[in-house]
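Computed from heavy atoms alone, side chains included, the values below leave out hydrogens, waters and symmetry copies.
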Amino acid sequence: MNLLGKIFFGTILVIVLLAIWLFGSPPAISIFWERTDVTVMRHDTREVYDGWGNVVRTDPIVEIDNGRVIRTPIRLLVRNAVDGRDAVVDAWPVGATVSARLAPGGNVAYPATWRPFLLIPAIAFTIVAAFIGFLFFRPFFERRWRSQGGDAVRSNAGYSFRPIAFGFGMAFTAVPLILLYAMWTFGDPPPYSITWPRHDMRVVDSRVRPHQVGNGNIAAYLDVEVEFPDAINNEKILLQGITYGWVPIPEARELREARYLPGETVRAMQSPDGTFYVVRWRFSDFLAFFIIPLALITVPIGLFAMRLALV
């Protein structure tokens, strides 16, 4: 590849690298944003255009707790902003203090627990970009010691192979481990929820709740309230994780009649924060288990390659 081709390819690589770090809401680069505690002051409901259509969203309005001179109040962008004002108020009540990431502009914040969707790809691509960059510049320093000849060639010959072996080892070691972490912590609930305690719950109420999707279509959520069979105070608990999100209304009705009519018994698992999820197999669980044998094969190969590079 000539110099012009390298410059062009390098420019494309940098553009893609910046795009993957800056894309998304929040973007992957938000892991470097300042974290601080914020307090919910009130809630603001408004109609916005989300790219598909007009939707009504409710955002918690928060103030900074650490006393810094910053424009307040600011808007806290949360995942359930379009689920209805009551749902947002219940999840983010006035007076609650939460940890948040502050955008550099200082006008919005994201909950610190909201992991950027492209964070793992951004880190992996950065490693790949660094290795490709090394391959581009390797001929320059190789030409330098080869011009010296003799002992310089023999003493430095290993440096042509070692970085390649090290990069190969990093790829075969780091990438499967990153995927393993991502697959086991992705989703709501994540696959590691298999360790959460299980309970038999009784359905006390279930209903199909219509929901207007951003593109103008009408879909539905299936709301199911359960309680412990031996409950004394008759506390009703909203069961989570029944579907991946909204579903067509006929499908929601069929699911309700098949499994979640009042009086039915369902198996639920309890998260550490007290949220109850229905026990069911998810596609994310399959991916989490699938990545285990892949890591068992590739990680030893990567460690062996890194050993060859460091001896």
Kindly indicate, with the supporting measurements, whether the criterion side chain to side chain contact (heavy atoms under 4.5 Å, CB included) is fulfilled by F23 and I29.
CA-CA 9 Å; F23 181 79; I29 201 173; over 6 Å; no
What heavy-atom pair brings [X] and [Y] nearest, and what distance separates the two atoms?
X: A91; Y: N80; value: CB-ND2, 3.6 Å
X: S30; Y: P116; value: OG-CG, 3.3 Å
X: A252; Y: A220; value: CB-CB, 4.1 Å
X: W92; Y: P111; value: CH2-CG, 3.7 Å
X: P190; Y: S193; value: O-OG, 2.7 Å
X: A288; Y: L180; value: O-CD1, 4.5 Å

Side-chain heavy atoms of [X] within contact of [Y], under 4.5 Å:
X: I64; Y: I74; answer: yes
X: D37; Y: T39; answer: no
X: P60; Y: V78; answer: yes
X: L255; Y: I242; answer: yes
X: V38; Y: E63; answer: no
X: L102; Y: T36; answer: yes
X: F304; Y: T173; answer: no

Criterion side chain to side chain contact (heavy atoms under 4.5 Å, CB included) on I61 and R75, from CA distance to verdict:
CA-CA 5 Å; I61 306 300; R75 194 175 298 273; 4.0 Å; yes
Using the side chain to side chain contact (heavy atoms under 4.5 Å, CB included) rule, take I237 and L239 through it: C-alpha gap first, then chi angles, then the decisive distance, then the call.
CA-CA 6 Å; I237 303 168; L239 194 61; over 6 Å; no
Under a 4.5 Å side-chain heavy-atom rule over Ile, Leu, Val, Met, Phe, Trp and Tyr, are [X] and [Y] clustered together?
X: L238; Y: V89; result: no
X: F283; Y: I292; result: yes
X: L287; Y: W281; result: yes
X: W196; Y: V279; result: yes
X: L17; Y: L13; result: yes

Through direct or indirect side-chain contacts below 4.5 angstrom among Ile, Leu, Val, Met, Phe, Trp and Tyr, which residues connect to M41?
none
Is L177 isolated, or which residues cluster with it under the ILVMFWY side-chain rule of less than 4.5 Å, directly or via members?
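Cluster partners of L177: V299, L303.
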Taking it one step at a time, do V108 and L76 satisfy side chain to side chain contact (heavy atoms under 4.5 Å, CB included)?
CA-CA 6 Å; V108 295; L76 183 68; over 6 Å; no
Interatomic distance, [X] atom [atom1] to [Y] atom [atom2] [nearest 0.5 angstrom]:
X: E254; Y: L222; atom1: CD; atom2: CG; answer: 12.0 Å
X: R207; Y: R256; atom1: CZ; atom2: CZ; answer: 10.0 Å
X: I20; Y: L119; atom1: CD1; atom2: CG; answer: 10.0 Å
X: L22; Y: L118; atom1: CG; atom2: CG; answer: 11.0 Å
X: M201; Y: M269; atom1: CE; atom2: CE; answer: 12.5 Å
X: Y110; Y: W33; atom1: OH; atom2: CH2; answer: 5.5 Å

For [Y], does its backbone N or O pair with a side-chain atom of [X] as donor and acceptor, under 3.5 Å?
X: T275; Y: S271; answer: no
X: R198; Y: I194; answer: yes
X: R42; Y: V94; answer: no
X: T126; Y: A122; answer: yes
X: D285; Y: R282; answer: yes
X: R101; Y: W114; answer: yes
X: T185; Y: Y181; answer: yes

Using distance alone, with no hydrogens and no angle criterion, decide if T243 and Y221 have a side-chain donor and acceptor under 3.5 Å apart.
no
In terms of side-chain heavy atoms, does T58 have a donor or acceptor partner in R85 at a distance below 3.5 Å?
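Not at all, the side chains of T58 and R85 share no donor-acceptor pair under 3.5 Å.
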Might you confirm whether atom CZ of F125 has over 12 heavy atoms from other residues, nucleotides or ligands at distances under 6.0 Å?
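Enclosed: over 12 neighbouring heavy atoms sit under 6.0 Å from CZ of F125.
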Just list the side-chain donor-acceptor pairs under 3.5 Å for residues 257-268, sequence neighbours left out, or say none.
unit_1 : atom_1 : unit_2 : atom_2 : d
R267   : NH1    : D200   : OD1    : 3.1

Do the side chains of E227 and R202 get close enough for a salt bridge, i.e. N-O under 4.0 angstrom?
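Yes, E227 and R202 are salt-bridged.
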Ion pair R46/D59, N-O distance below 4.0 Å:
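Result for this pair is yes, salt bridge flagged.
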Once the angle between the rings of W184 and F289 is folded into 0 to 90°, is it parallel (under 30°), tilted (30 to 60°) or perpendicular (over 60°)?
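The arrangement is perpendicular - the two ring planes meet at more than 60°.
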Should the ring pair F290 and F286 be called parallel, tilted or perpendicular, given that the plane angle runs from 0 to 90° and is split at 30 and 60?
parallel
If you apply the rule ring-ring contact (aromatic ring centres under 6.0 Å, His included), what do you find for F228 with F276, and how did you get there?
CA-CA 11 Å; F228 289 102; F276 285 85; 5.7 Å; yes
